Amino acid sequence: MNVKVIEGCISCGLCTEEFPDLFVMNDEGIAQPVLPQVPAGKEGEARQAAEDCPVSVIIVE
Ligand code: SF4
C-alpha cells in the first residue's frame, strides 16, 4: 500500500499527531508521508488517517 499527501493540506496537524509513524510536517508545515510505502501492519492506520483528514488530501492506494 502506498500513501501520499496531495495538494491542499491545511496543516491541521491531525495526521502527524495521531500517526507520527506515518506522517511528518515538512519545512513548509505541510504534512508528508514518512515513507511512500506504508510499513507492514500500518495499513489500517493509513486508511484511518485518510478518512480523518478534514480536507481529504491523504490518498492511500
Ligand atoms: S490531516 Fe490532512 S490537512 Fe491535516 S495535516 Fe494531515 S494532511 Fe494536512
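Just the heavy atoms: all of them, side chains too, but no hydrogens, waters or symmetry mates, feed the values below. Read the numbers this way: they start at 1 and go in the same order the structure lists the ligands and their atoms. Here the structure is a predicted model, which means the values were calculated and not measured.
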Atom 5 (S) of ligand 1 - nearest protein heavy atom and its distance: Gly13 N, 3.3 Å

What closest approach, in Å, do Lys42 and Asp21 show between heavy atoms, and which atom pair accounts for it? NZ-OD2, 2.8 Å

Mind listing the closest non-hydrogen atom pair of Cys53 and Val57 along with its distance? SG-N, 3.5 Å

Residues in side-chain hydrogen bond (donor to acceptor under 3.5 Å, both in side chains) contact with Asp52, at least two apart in sequence or another chain: Gln48

Evaluate the side-chain proximity of Ile58 to Val5: yes if any heavy-atom separation is below 4.5 Å, no if none is. yes

Measure the shortest side-chain to side-chain distance between Glu45 and Glu18 over non-hydrogen atoms and say whether it is less than 4.5 angstrom. no

Proximal protein heteroatoms (N, O or S) of atom 2 (Fe) of ligand 1, under 2.8 Å: Cys53 SG

Within the structure provided, determine whether Arg47 and Glu43 are in side-chain contact (heavy-atom separation under 4.5 Å). yes

